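Below is one structure; the comments refer to it alone.
What's counted below: heavy atoms across the whole structure, side chains too, no hydrogens, waters or symmetry copies. Order of the sequence lines fixes the chain letters, A, B, ..., with proteins taken first and strands second; residue numbering starts at 1 for each chain. Since we're looking at a predicted model, the values are computed, not measured.
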Amino acid sequence: MTEIIEGQAPDPTSPADPSAGAVVVPDKPALEGLEATWAERWKADQTYAFDRTQPRENVYSIDTPPPTVSGSLHVGHVFSYTHTDLIARFQRMRGKSVFYPMGWDDNGLPTERRVQNYFGVRCDPSLPYDPDFTPPEKPDAKKQVPISRPNFIALCERLVEQDEEVFESLWRTLGLSVDWKQHYTTIGAKAQTVSQRAFLRNFARGEAYLQEAPTLWDVTFQTAVAQAELEAREYAGAYHRVAFHKPGGGVVHIETTRPELIPSVVALIAHPDDERYQDLFGTTVTSPVFGVEVPVLAHPLAEIDKGSGILMCCTFGDLTDVTWWRELDLPVRTVVGRDGRFTRETPPWLSSEAASTAYAELAGKTTFSSREAMVALLRESGDLDGEPKPTQRMANFFEKGDKPLEIVATRQWYIRNGGRSPELRSELLGEGAQITWLPGHMKHRFDNWVSGLNGDWLISRQRFFGIPFPVWYPLDAEGEPDYDHPLLPSEAELPVDPSTDAPRGYDESQRNQPGGFLGDPDVMDTWATSSLTPHIAGGWGEDDDLFERVFPMDLCTQAHDIIRTWLFSRVVRAHYENGQVPWSHAMLSGWILDPDRKKMSKSKGNVVVPTEILDKYGADAVRWRAALARPGLDSPFDETQMKVGRRLAMKVLNASKFVLGNVGGTSLDPVRVSAPVDCALLARLAGVVTRATEAMEAYDYSTALEVTEKFFWEFCDDYLELVKERAYAEDGGEPTESAKATLTIALEMQLRLLAPFLPFVTEEVWSWWRPGSIHRSSWPLATELGSAAAANPATVDAVATVLRGVRGAKSKAKVSMRARLSEVRVTGPQELLDRVELARADLIAVGKIDELVLVAGGDELQVDADLADTDAG
RNA sequence: GGGCGUGUAGCUCAGCGGUAGAGCCCCUCGCUUACAACGAGGUGGUCGGGGGUUCGAUCCCCUCCGCGCCCA
């Protein structure tokens, strides 16, 4: 008996060994329990271990999205991760050493909130690290204990570990062929070091910079928000028609949805072509209530046909205000603070008695309350024309927030992403063109996003749970920070946390002291970390030998909604760090929609929990359904489809039981295949192998499954039925041996074709008589079949047509398939009749036909049958 | 408003220049020694509407309509 060493594919072209060991076929094969059995075995055997001794050309490496561990997974995730696994398994069977790591995204807001609630703590970066800290025994969400950032991160890691176990178990049940030894997290020391090192290099090369500028600000989360995190939503508001006063008397009306910002007005603006305001351009007007003098200016972004055509620019009400501020060189007049409330102190430009009295009505209020107060003031002064008219306006929201974003001037870290540089934009578009997009049209989304960028990538967040910036600022004698000369660690010192570590040359006692230092309190945005997943997973800077074997990667897979974030940001970082794209292929999966074609989301309550569906139908069935969803196409979730996948898995078990158990097929030697119809079947199979292989090579897993599955059902329904009698014959000699060998060869090859899709059931059957794991065996080649497949596959069709005709006749006569037929007449062109003749004996036996007559005539095969008398009626 | 995609049997989807396909659903029959949580057979469509190119269009071009996503 031949032992096959793991990792070494059996050589199917060698003469089949009849001694391939005992065939053990269960009496009643079942799908239940296969996931548990094989997931455990694969883990123990390290079936999917990455062989890092292989050179780059023998490696296939994959960058797959690290799931947010504090979130929950739904069927959509299960589908798209399956798509990745189909490719991974195919490449592994093609002989590649597959680098398929799994990461956990435990960085960012969702985890932060979960830790706060779970442990009853909150992060206060100003506190020192307490090595002996233990969280409160009875967490009280209302009395959260303040702790240092390192303590907070330690708790996050503790919690995340539990989440990760649940996730890993789900992925193992689903059969993802991940190498679990390669796993990483986005908050761990490795990710911190990589993120900080990349940041230091970006800074050294001038790609990262610190700037005080108007920033989109979420008042709920108290943090800056990047362009990629915006979501435009309809927001109920009202147009207020408000009078500004001309110097010589008379008024000009503007319409605004945000009258509360009148105290911060810096100009009125109309379109340069707007006839109505030509006389006003270059003059000044005074604001109602506050009496502040502002210029009337012209700018093409003002829309002539919207409202009165003229509007007020406040710094800052929206992003257009930022453009005007920049392009028209306007002053900054900030009234809304970071907490979303109007500043308590009266701003200097409102120093007149009337203005400061009026402002007192707004100070300290939320934008909502101050709007009411402002409207009252306008009514009082008579500057509100008519009543506010309700409207829906589009406002920018943080995708996780529920209040419209404000714009405040803050100091933030940015990475240049082309938003302010046409040259860089075109370089990045050029990088996008290097990637093979699957499907191709997804490139447009990338191009559109890059072309539409209007500012650099804001990477700092005023949060706690994230990767800190490795930066301190020296404090001068007055205790004022010098932001122009940040203190940086060396790469060897990484990772650092400036909230607890002191910069080189200082000690902890100098923290926040005049002449001392100040740690940068901010953390990196979660995308700033995950933009480096190929580097984190690939050991960049720590294990360069590994990195060179896996980078640039072959494939990135993800859903299409994060092209603008995750995909784009990785292109930016690899462009800077490696001067190339991070992967050659990007495969975008669609979404799973609920039956009403709405995207599944937790808030809608239409999420299908993956564990339920896996329990109910089995992993192979769920994977089968996932494989039907082609790259980039959304597909509605339909449970009835899972049943079809389950039936296929069941059929694999039963057909295998027939071939290996009942018929007792063992030989894989194509030389034993002699009957013409058997050769034709193998010829057809050779064609299937070729087409399935081409499809898989083109990442078209759906087509590969389709052609394989179609053949499999025909194999079961037609061929297997046709040769049943011959295969069962006890002293059938060569014809029987031919049938048995054909059945066995075809089954074995089909198992390998199906292995990426149905890893559990194919492995189960493989284990009945083949050594090793099917997942380390080789992807089939048409040439394995040799001359046995050198026949015309059309014979299979001709014979199957007759077989179906015979069945149809019996079905029409409403008799059992076992009923005898006294005579069957087949008419058709001679060429086809010759093919039917090749399987005469099989047809007679399986159809229980007394006499089979072939009559030339007509263009296609027609079958007529007479029932034998005994069975008629 | 701009961009991308999509509209084929009741449902989910293939096909993309040469007489409409699959699975599910539905109907009928059948327990035949792989499979009754099964098998066999069958019904079902003016390929979104309208123009055009072509000997011929579901497929190519134009236009309109519906739906989805991305960006304004």
Side-chain angles (χ1 to χ4, degrees), chain A residues 25-32 227-228 230-232 301 303 305 319-320 394 396 437 439-454 559-564 588 590-591 593 595-599 616-618 621 624-625 628-630 632-665 700 702-703 705-707 709-710 713-718 720-721 724-725 727-728 743 747 765 803-820 846-848 859:
Chain A
V25 182
D27 285 343
K28 200 77 182 156
L31 298 173
E32 280 67 33
Q227 188 186 350
L230 296 188
E231 206 170 88
L301 277 181
E303 293 175 63
D305 50 0
L319 286 173
T320 320
M394 295 305 280
N396 282 316
W437 298 82
H441 66 81
M442 287 298 174
K443 180 174 183 295
H444 296 295
R445 299 227 187 164
F446 177 86
D447 291 349
N448 286 348
W449 175 252
V450 175
S451 306
L453 287 167
N454 56 28
H560 55 66
D561 54 336
I562 51 174
I563 290 176
R564 66 178 185 170
L588 288 307
W591 288 334
L593 310 172
D596 297 330
R597 297 236 169 219
K598 294 278 178 270
K599 189 189 174 189
K616 196 164 168 189
Y617 299 102
W624 175 88
R625 172 63 187 86
L628 288 188
R630 297 179 131 79
L633 290 181
D634 296 345
S635 68
F637 180 77
D638 178 3
E639 226 179 292
T640 64
Q641 304 268 355
M642 306 283 171
K643 293 183 194 162
V644 182
R646 186 176 172 83
R647 180 156 31 170
L648 173 66
M650 221 32 235
K651 195 77 173 176
V652 169
L653 282 182
N654 284 318
S656 303
K657 180 187 165 199
F658 171 76
V659 172
L660 302 171
N662 300 54
V663 169
D700 183 2
S702 299
T703 297
L705 173 60
E706 198 179 299
V707 299
E709 194 185 347
K710 184 168 187 290
W713 284 106
E714 286 170 1
F715 171 75
C716 291
D717 295 346
D718 297 335
L720 199 146
E721 293 296 334
K724 204 175 246 184
E725 301 293 331
Y728 268 138
L743 286 167
L747 174 71
V765 173
L803 189 57
R804 288 199 199 106
V806 169
R807 282 191 208 129
K810 291 181 181 179
S811 187
K812 216 165 262 172
K814 304 194 174 187
V815 297
S816 152
M817 290 297 137
R818 237 181 351 178
R820 290 209 72 80
V846 72
K848 310 216 181 287
D859 312 333

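- Between the CG atom of Leu653(A) and the P atom of rC35(B) there is a distance of 13 Å, rounded to whole Å.
- Side-chain contact between Lys651(A) and Cys716(A) is present, with heavy atoms from C-beta onward closer than 4.5 Å.
- Nucleotides rG39(B) and rC31(B), compared at atom C1', are 10 Å apart to the nearest Å.
- Closest to the side chain of Glu721(A), out of rC35(B), rC13(B), rC29(B), is rC35(B).
- The side chain of Lys651(A) contributes an N or O atom lying less than 4.0 Å from OP1 or OP2 of rG39(B).
- Here rA14(B) is the nucleotide among rU28(B), rA14(B), rG39(B) with the atom lying nearest to any side-chain atom of Arg630(A).
- Contact check for His560(A) versus Asp634(A): side-chain heavy atoms found under the 4.5 Å cut-off.
- What separates CZ of Phe715(A) from P of rC35(B) is a distance of 16 Å, to the nearest Å.
- Both Glu32(A) and Trp591(A) sit near RNA chain B, but only Glu32(A) has its closest nucleotide nearer the 5' end.
- With distances taken from any side-chain atom of Lys28(A) to the nucleotides rG41(B), rA36(B), rA37(B), the minimum falls on rA36(B).
- Cation-pi geometry between Lys710(A) and Phe715(A) is not met at under 6.0 angstrom from the ring centre and within 45 degrees of the axis.
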Show me the protein contacts with nucleotides 22-24 of chain B, counting only N or O atoms at under 3.5 Å.
unit_1, atom_1, unit_2, atom_2, d
rC24(B), OP1, Arg647(A), NH2, 3.3

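- Here the CD atom belonging to Glu709(A) is positioned 11.0 Å from the OG atom belonging to Ser702(A), to the nearest 0.5 angstrom.
- Distance from the side chain of Asp634(A) is smallest for rG68(B) among the nucleotides rA37(B), rG68(B), rC13(B).
- Annotation: rG52(B) and rG42(B) have their C1' atoms spaced 40 Å apart (nearest Å).
- Between Asp718(A) and Arg804(A) there is a side-chain heavy-atom pair separated by less than 4.5 Å.
- The aromatic ring centres of His444(A) and Trp437(A) sit 6.0 Å or more apart.
- Counting heavy atoms from C-beta on, the side chains of Met642(A) and Lys616(A) never come closer than 4.5 Å.
- Comparing rC69(B), rA14(B), rA40(B) by their nearest atom to the side chain of Arg807(A) picks out rA40(B).
- A distance of about 14 Å separates the P atoms of rC61(B) and rG7(B), rounded to the whole Å.
- Under a 3.5 Å cut-off, the side chain of Lys657(A) and the backbone N or O of Asp27(A) do form a donor-acceptor pair.
- When heavy atoms are screened at a 4.0 angstrom cut-off, Lys643(A) is found touching no nucleic acid atom at all.
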**Prompt:** So what's the dot-bracket for RNA chain B: Watson-Crick or G-U pairs under 3.5 Å, [ ] if a pair crosses, | if it pairs off-strand?
**Reply:** ((((((((.[[[[.)..(..]]]].(((((.......))))).....[[[[[..)....]]]]]))))))).
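- Both Asp561(A) and Glu725(A) lie close to RNA chain B; mapped to their nearest nucleotides by heavy-atom distance, the more 5′-ward contact belongs to Glu725(A).
- What separates CG of Leu705(A) from P of rA14(B) is a distance of 13 Å, to the nearest Å.
- Between rU58(B) and rA20(B), the distance separating the two P atoms is 8 Å to the nearest Å.
- With a 4.5 Å cut-off on side-chain heavy atoms, Val806(A) and Val846(A) do not count as touching.
- Between the P atoms of rC69(B) and rC13(B), the separation comes to 15 Å (whole Å).
- The shortest side-chain heavy-atom distance between Ser635(A) and Arg625(A) falls under the 4.5 Å cut-off.
- At the heavy-atom level, Met650(A) lies nowhere under 4.0 Å from the strands shown.
- In this structure, CE of Met817(A) is placed 7 Å from P of rG41(B), rounded to the nearest angstrom.
- We find the CG-CD distance between Asn396(A) and Glu231(A) to be 10.0 Å, quoted to the nearest 0.5 Å.
- A heavy-atom distance below 4.5 Å is found between the side chains of Asp561(A) and Trp591(A).
- Within the 4.5 Å cutoff, side-chain heavy atoms of Val644(A) are placed close to those of Trp624(A).
- The separation between Glu706(A) atom CD and rC13(B) atom C1' is 9 Å, rounded to whole Å.
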What protein N or O atoms touch nucleotides 3-7 of chain B N or O atoms at under 3.5 angstrom, if any, and at what distances?
unit_1, atom_1, unit_2, atom_2, d
rG3(B), O2', Asn448(A), ND2, 3.1
rC4(B), O2', His441(A), ND1, 3.4

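- When the P atom of rA72(B) is taken as reference, atom CG of Asn454(A) falls 7 Å away, rounded to whole Å.
- Rounded to whole Å, atom P of rU32(B) lies 16 Å from atom CG of Asn662(A).
- Between rU53(B) and rG17(B), the distance separating the two C1' atoms is 12 Å to the nearest Å.
- Here the closest heavy-atom approach between residue Ala727(A) and residue Leu743(A) is recorded as CB-CD1, 4.0 Å.
- If you take atom C1' in rC59(B) and the same atom in rU19(B), they sit 15 Å apart, rounded to whole Å.
- Taking atom C1' in both rA9(B) and rC65(B), the straight-line distance is 22 Å, to the nearest Å.
- Following rounding to the nearest Å, Leu593(A) (CG) and rU12(B) (P) show an atom-to-atom distance of 11 Å.
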